[in-house]
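Data first, discussion second: the structure below is written as structure tokens.
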Amino acid sequence: MPHHALEITLTRPLPPPALHRAVRLLPLAANHDATRLMTLVPAKTPQRAAHRLRHRLGTRLPIDVITTHYPDADHSVLLNVALPPAAHTALTTSARHARQTPERFLELAVHRALAEHADRETDRLDHTVRQLLAHTTPAHLLAAVGHALTRR
């Protein structure tokens, strides 16, 4: 059975005793402030692995989000979120009106939001570059960018 690398984002830092109790149930690696944990979960699919992980640790840890650590062949990352009942009801209702599953509705909403963010970021960078070019030549700006990217 394959193992899936999953990352757990916690809603708050985990105190050392709670982390030690959780490690007894499942091997976990924590970041410096114990707000993010990594683990390997055996399961046939990433979805099943995330479900299994949430079932095993969901009542013991303040889990916010579980994600697959590595993108799949389609460059997608699984996002496993436990919604409060009111949000789940609203999502289900909106998805039903759109004639979609809640998962598909949420997936499309996230893709739209990410595309809008990318467009805003492109516009912001374009505006910034135009401001810089008003005060220097393209060659000087390019040299400065190259210098900034190669410095540590």
Practice problem: Work out which heavy atom in P62 is nearest to a heavy atom in L14; give both atom names and the distance. | Solution: CD-CD1, 4.0 Å

Exercise. Answer whether the closest heavy-atom distance between the side chains of V23 and L26 falls below 4.5 Å.
Key: no

Result block: side-chain N/O donor-acceptor pairs under 3.5 angstrom for residues 137-150, not counting sequence neighbours:
{"from": "T137", "atom 1": "OG1", "to": "H140", "atom 2": "N", "distance (Å)": "3.1"}
{"from": "T137", "atom 1": "OG1", "to": "H140", "atom 2": "ND1", "distance (Å)": "2.9"}
{"from": "H147", "atom 1": "NE2", "to": "R151", "atom 2": "NH1", "distance (Å)": "3.3"}
{"from": "T150", "atom 1": "OG1", "to": "G146", "atom 2": "O", "distance (Å)": "3.0"}
{"from": "T150", "atom 1": "OG1", "to": "H147", "atom 2": "O", "distance (Å)": "3.1"}

Quiz item: Got a sec: does the NE2 of H3 have more than 12 other heavy atoms crowding it under 6.0 Å?
Solution: yes

Quiz item: Do E7 and I66 have side-chain heavy atoms sitting under 4.5 Å apart?
Solution: no

Quiz prompt | From CA spacing to verdict: side-chain contact (heavy atoms from CB on, under 4.5 Å), L108, Q100 | solution = CA-CA 10 Å; L108 292 174; Q100 296 170 343; 3.3 Å; yes

Self-check item: ILVMFWY network linking V77 to V110, side-chain heavy atoms under 4.5 angstrom
Solution: no

Run the side-chain donor-acceptor check on residues 113-122: report pairs under 3.5 Å with partners two or more places apart or on a different chain.
{"from": "E121", "atom 1": "OE1", "to": "R124", "atom 2": "NE", "distance (Å)": "3.1"}
{"from": "E121", "atom 1": "OE2", "to": "R124", "atom 2": "NH2", "distance (Å)": "2.6"}
{"from": "T122", "atom 1": "OG1", "to": "A118", "atom 2": "O", "distance (Å)": "2.9"}

Quiz item: Which heavy-atom pair separates K44 from P2 by the least distance, and what is that distance?
Solution: O-CG, 4.1 Å

Quiz item: How far does NE2 of H127 sit from CG of L132, to the nearest 0.5 angstrom?
Solution: 10.0 Å

Self-check item: T11 side chain vs D64 backbone, donor-acceptor pair below 3.5 Å
Solution: no

Quiz prompt | side-chain hydrogen bond (donor to acceptor under 3.5 Å, both in side chains) assessment of D74 paired with S76 | solution = CA-CA 5 Å; D74 297 325; S76 296; 5.5 Å; no

Quiz item: Distance from F105 atom CZ to R99 atom CZ, nearest 0.5 Å?
Solution: 14.0 Å

Practice problem: Answer yes or no: does atom CZ of R52 have more than 12 heavy-atom neighbours from other residues, nucleotides or ligands under 6.0 Å? | Solution: yes

Quiz item: Is there a path from L19 to I63 through hydrophobic residues (I, L, V, M, F, W, Y) whose side chains come within less than 4.5 Å of each other?
Solution: yes

Quiz item: Between R60 (side chain) and A18 (backbone), is there a donor-acceptor pair under 3.5 Å?
Solution: no

Quiz item: Out of curiosity, T68 OG1 to D72 CG, how far, rounded to the nearest 0.5 Å?
Solution: 7.0 Å

Self-check item: Residues R130, D126; criterion side-chain contact (heavy atoms from CB on, under 4.5 Å); working and verdict
Solution: CA-CA 6 Å; R130 289 181 188 279; D126 183 56; 3.1 Å; yes

Quiz item: side-chain contact (heavy atoms from CB on, under 4.5 Å) between L37 and L10: does it pass, once the steps are laid out?
Solution: CA-CA 8 Å; L37 308 171; L10 302 173; 4.0 Å; yes

Practice problem: Check the pair L6, M38 against side-chain contact (heavy atoms from CB on, under 4.5 Å), reporting the backbone distance first and the verdict last. | Solution: CA-CA 6 Å; L6 299 179; M38 290 290 302; over 6 Å; no

Quiz item: Which heavy atom of L78 sits nearest a heavy atom of P46, and at what distance?
Solution: CD2-O, 3.5 Å

Exercise. Determine which pairs satisfy salt bridge (charged side-chain N to carboxylate O under 4.0 Å, His left out) with at least one residue from residues 9-26, sequence neighbours left out, and list them in order.
Key: none

Quiz item: In terms of hydrophobic clusters joined by side-chain contacts under 4.5 Å, are Y70 and L40 together?
Solution: no

Quiz prompt | Non-hydrogen atoms of P27 and T39 that approach each other most closely | solution = O-OG1, 2.6 Å

Quiz item: Of all heavy-atom pairs between A50 and N80, which one has the smallest distance, and what is that distance?
Solution: CB-ND2, 3.8 Å

Self-check item: Nearest heavy atoms of H51 and R48, plus distance in Å
Solution: CD2-NH1, 2.8 Å

Quiz item: Does some side-chain heavy atom of L106 sit less than 4.5 Å from a side-chain heavy atom of L91?
Solution: yes

